[in-house]
Amino acid sequence: MKTDSTAWSTKQSAEIYGINNWGAGYFSVSDNGEVIVHPHGNGTGVSLRKITDGLIDRGLDMPVLLRFSDILDSRIQQLHEGFGRAIEQFEYNGHYRGVYPIKVNQQQQVLEEIAAFGAAYHHGFEAGSKAELIAAISFMQDSEAYLVCNGYKDAEFVDLGLLAKKMGIQCVFVVESPSELELIIDRSKALDILPIIGVRLKLSTQASGHWNHSGGERSVFGLNPSQVCDLVDRLKEVDLLDCLKLLHYHVGSQIPNIRDIREAVVEACRVYIGLVNEGAPMGILDLGGGLAVDYDGSHADTPTSRNYGLDEYCAALIENLVSTLNEAEVAHPNIITESGRATVAYYSVLLFNILDQSRFEIHDLPTSLAADAHELLHNLIAVVNVLEAGNAQECYNDAFYYRDEIHQRFKRGAMTLRERALAGEIFWHIMTRISKLTTEMEYIPEELQKLPAMLADIYYGNFSLFQSLPDVWAIDQLFPIMPIHRLSEQPTREVVLSDITCDCDGMIDQFVGQHTTRDTLPLHNLTDEEYYLGVFLVGAYQETLGDLHNLLGDTNVATVEVSHAGKLKYTREIEGDSVSDVLSYVEYDLKRMVRRIRKMAEEAVHTDVITARDRRQIMETFENGMRGYTYFER
Ligand SMILES: Cc1ncc(COP(=O)(O)O)c(C=O)c1O
């Protein structure tokens, strides 16, 4: 990588990190080299660096999860406007009603914001458990919005939903398995409240992408066509067919290919028509989640991207509905989608500082070896002398062979520590030169492609992958990561990131590049100034899936609002977990721990190992530590 910073522009920074590809208009780079957030998706913006300084001034330490409530509002608005345009274009007669699947980010703040801002669009909720149902009921204030109940339901769940319906909430029970229907029938008779019944369909359509097992005939949830017919027969038997109003399917989260989306809606539409022909009133078609986020900005049919935009998604669904329903002369139902990821992903950014670095550095080689130096060392030096682009792979193989032979001999005591150290220096010198030579090659062999990652620096970030980015660890999810400042300087180091868990799984070595993924992230040299990185698009699924690996707890959280005139307001702060919080989560008895340390310290005073003043200092340090943040504090 070039080291001359003078010719570097912020435009080049925007390009190497791909921010204009994945930022969806919410993030950009300013002329003075800082990342700017545009929470309303246009014009006015505020520097993330400025926001970070404000947080530090207020005493909120890194890492911080930054939430933008305006981005949440903007996403809901865009979703409804997208469907609005498609409905008008294809002359669709039903309404669009979104529901937010609570599991995607269950924070009260998210529900409050969606209930308040979404009211103008009758945006409702999807609940998959009793806790989510209670959360949804307590925030539902709109009798035109839907509350869709998926997931396994017990009697208490059904009673809660029926009573919510009695209060005027449009609470729909989606039958996920045949046995659930009897429970709904029994409880509705017991409480004398007619239910709104929906049925989840197992489609034969299976989407590509990471979550494709949610769809297809072997999916875990939902009824196959024959079970759907049994459900209709049973409802007719108990005279409740009038309660069957909704058909639902969900082919999986993050569907990358628009063709799968089209196929699924047509298949579901046929079943919907079948149910209308069976005499069910119907009126609502719930197309599930799956609207994907373009995490790497490549606009491609890959698990971390999608080959369509929001308008295309809305148009594809509505167009297929109109043609299928019109052909069968069936009235257009209201449409629900359960978009979670696409609603909340952009809403949060994880900010953290870099604590330290382990630089990959090679030293100058000796110009010649002593005549009596070990033959294997001479062989390694010979590789250095003949290396060129045309024989790079051969030299790579030889270098590995001689290096491994030297390691073996060292283990047997046949070579000295200094000889082994010199072998290491020569080996890494060869690897570095080969890596540089790959830039001259038309075709780079697979092993040589991995060299930049092998030769990268390691930067240690003040965060826990397991707590804040669990999908990176669990499913190799890619999130855009970049510095939030110094973007008018050329980044001169190629880096992989490590968190502070000291766990080799706490490493990030896949990054979003210009139009592709990269094995290393270009970053700046560390200086005395604190260096901040942002991980973007982390609002969906990350916050509550995170765990307490190494007892690193929830991070500090801050919510900011930016007015249309660009005025910044810090609206909410939530302090992250303290050490005592995380210890109590894993059932430590904190009072007992303090008593034990005090007893130990007193024993030490008694035996003249420490003084009484030392004891006081020990207890103060211990108690301060318990109150402190679980992350690295400067
Ligand atoms: C039934 C159901 N609805 C909606 C969603 C949300 O999907 P997404 O976040 O991809 O929109 C999920 C998650 O996979 C789901 O299981």
Side-chain angles (χ1 to χ4, degrees), residues 63-69 71-72 75-76 99-115 125-139 147-152 157 210-211 214 250 252-254 289-291 293 295 338-352 463-479 499 501 505-506 535-559 572-578 581-587 629-631:
V64 173
L65 186 78
L66 200 54
R67 297 183 182 144
F68 299 97
S69 38
I71 292 189
L72 198 49
R75 295 303 292 165
I76 290 179
V99 297
Y100 170 69
I102 297 174
K103 73 183 122 206
V104 183
N105 187 330
Q106 299 109 323
Q107 306 294 327
Q108 176 174 326
Q109 200 186 339
V110 175
L111 265 69
E112 274 173 3
E113 193 65 35
I114 291 178
F125 293 108
E126 183 258 3
S129 67
K130 266 185 286 191
E132 287 185 358
L133 178 61
I134 289 173
I137 293 171
S138 61
F139 286 102
L147 171 49
V148 175
C149 300
N150 291 329
Y152 258 91
F157 188 131
H210 190 86
W211 287 270
S214 306
H250 173 69
S253 191
Q254 184 72 10
L291 171 58
V293 168
Y295 287 101
E338 302 180 353
S339 280
R341 185 184 294 278
T343 308
V344 289
Y346 296 91
Y347 158 73
S348 322
V349 177
L350 176 71
L351 296 173
F352 63 88
F463 72 104
S464 159
L465 189 84
F466 306 90
Q467 176 61 249
S468 296
L469 305 168
D471 278 348
V472 175
W473 170 72
I475 57 166
D476 293 328
Q477 170 74 48
L478 202 60
F479 292 104
D499 71 1
T501 62
D505 282 340
V535 187
F536 295 80
L537 279 52
V538 296
Y541 298 104
Q542 302 314 293
E543 287 192 42
T544 36
L545 284 179
D547 69 22
L548 288 177
H549 197 57
N550 274 112
L551 294 186
L552 291 158
D554 276 346
T555 63
N556 290 325
V557 179
T559 306
R572 201 187 296 219
E573 280 165 44
I574 305 170
E575 235 176 87
D577 286 326
S578 66
D581 289 336
V582 296
L583 286 172
S584 57
Y585 296 155
V586 285
E587 296 173 12
Y629 198 19
T630 59
Y631 292 89

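Positions are given from 1, in the same order as the sequence printed here.
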**Prompt:** Are any non-hydrogen side-chain atoms of Gln108 and Phe139 less than 4.5 angstrom apart?
**Reply:** yes
**Fill in**
The ring-ring contact (aromatic ring centres under 6.0 Å, His included) partner of His549 among Phe463, Trp473, Phe466 is Phe466
**Message:** What I'd like to find out is whether the side chain of Val293 reaches to under 4.5 Å of the side chain of Tyr346, using heavy atoms alone.
**Reply:** yes
**Request:** Report the C-alpha separation of Tyr541 and Val104 in whole Å, then their side-chain angles, then the decisive distance to 0.1 Å, and conclude whether the side-chain contact (heavy atoms from CB on, under 4.5 Å) test is met.
**Result:** CA-CA 5 Å; Tyr541 298 104; Val104 183; 3.4 Å; yes
**Prompt:** For the atom pair CG (Leu552) and CG (Leu465), what is the distance rounded to the nearest 0.5 Å?
**Reply:** 11.0 Å
**Item:** Residue pair Gly553 / Val582: nearest heavy atoms and the distance that separates them
**Value:** CA-CG1, 3.6 Å
**Distance, nearest 0.5 Å, that separates CG of Asp547 from OG of Ser464** = 7.0 Å
**Request:** Would you check if Val538 and Leu469 make a side-chain contact, meaning some heavy-atom pair closer than 4.5 Å?
**Result:** yes
**Item:** Polar contact flag, side-chain donor to acceptor under 3.5 angstrom, Glu573-Asn556
**Value:** no
**Request:** Carefully, step by step, assess Thr544 and Lys103 under the rule side-chain contact (heavy atoms from CB on, under 4.5 Å).
**Result:** CA-CA 9 Å; Thr544 36; Lys103 73 183 122 206; over 6 Å; no
**Prompt:** Got Leu551 and Asp577 here, is their nearest side-chain heavy-atom distance under 4.5 Å?
**Reply:** no
**Request:** Please answer whether the main-chain N or O of Ala342 pairs with a side-chain N or O of Ser339 as donor and acceptor at a distance below 3.5 Å.
**Result:** no
**Prompt:** Quick one: does Arg75's side chain get under 4.5 Å of Val344's, heavy atoms only?
**Reply:** no
**Item:** CD1 on Ile114 to OG1 on Thr343, rounded to 0.5 Å
**Value:** 6.5 Å
**Asked** Hey, are Tyr347 and Asn105 close enough side-chain-wise for a donor-acceptor pair under 3.5 Å?
**Response** no
**Prompt:** Are more than 12 heavy atoms from other residues, nucleotides or ligands located less than 6.0 Å from atom OH of Tyr152?
**Reply:** no
**Request:** Identify the residue among Val535, Asp499, Leu350 that makes a side chain to side chain contact (heavy atoms under 4.5 Å, CB included) with Ser468.
**Result:** Leu350
**Message:** Is it true that, when you exclude Glu112 itself, more than 12 heavy atoms of the residues, nucleotides or ligands shown sit nearer than 6.0 Å to its CD?
**Reply:** yes
**Prompt:** Is the shortest heavy-atom distance from the side chain of Phe479 to the side chain of Phe536 under 4.5 Å?
**Reply:** no
**Complete:** In this structure, CD of Glu338 is separated from CG of Asn150 (nearest 0.5 Å) by 5.0 Å
**Item:** Min side-chain heavy-atom separation Ile102-Glu126 under 4.5 Å
**Value:** no
**Message:** Test your reading of the model: is there a side-chain donor-acceptor pair from Glu132 to the backbone of Lys130, 3.5 Å cut-off?
**Reply:** no
**Val99 side chain near Phe125 side chain, heavy-atom distance below 4.5 Å** = no
**Request:** Output yes when Arg67 and Glu113 qualify as a salt bridge under the 4.0 Å nitrogen-oxygen rule, no when they do not.
**Result:** no
**Prompt:** Roughly how far, to the nearest 0.5 Å, is the CD atom of Gln106 from the OG atom of Ser129?
**Reply:** 8.0 Å
**Distance (rounded to the nearest 0.5 Å) between Leu147 CG and Leu133 CG** = 5.5 Å
**Message:** With side-chain contact (heavy atoms from CB on, under 4.5 Å) as the criterion, how do Arg341 and Leu291 come out once you've worked through the C-alpha distance, each side chain's angles and the decisive distance to 0.1 Å?
**Reply:** CA-CA 7 Å; Arg341 185 184 294 278; Leu291 171 58; over 6 Å; no
**Prompt:** Going through the distances and angles, do Val110 and Leu72 end up as a side-chain contact (heavy atoms from CB on, under 4.5 Å)?
**Reply:** CA-CA 8 Å; Val110 175; Leu72 198 49; 4.2 Å; yes
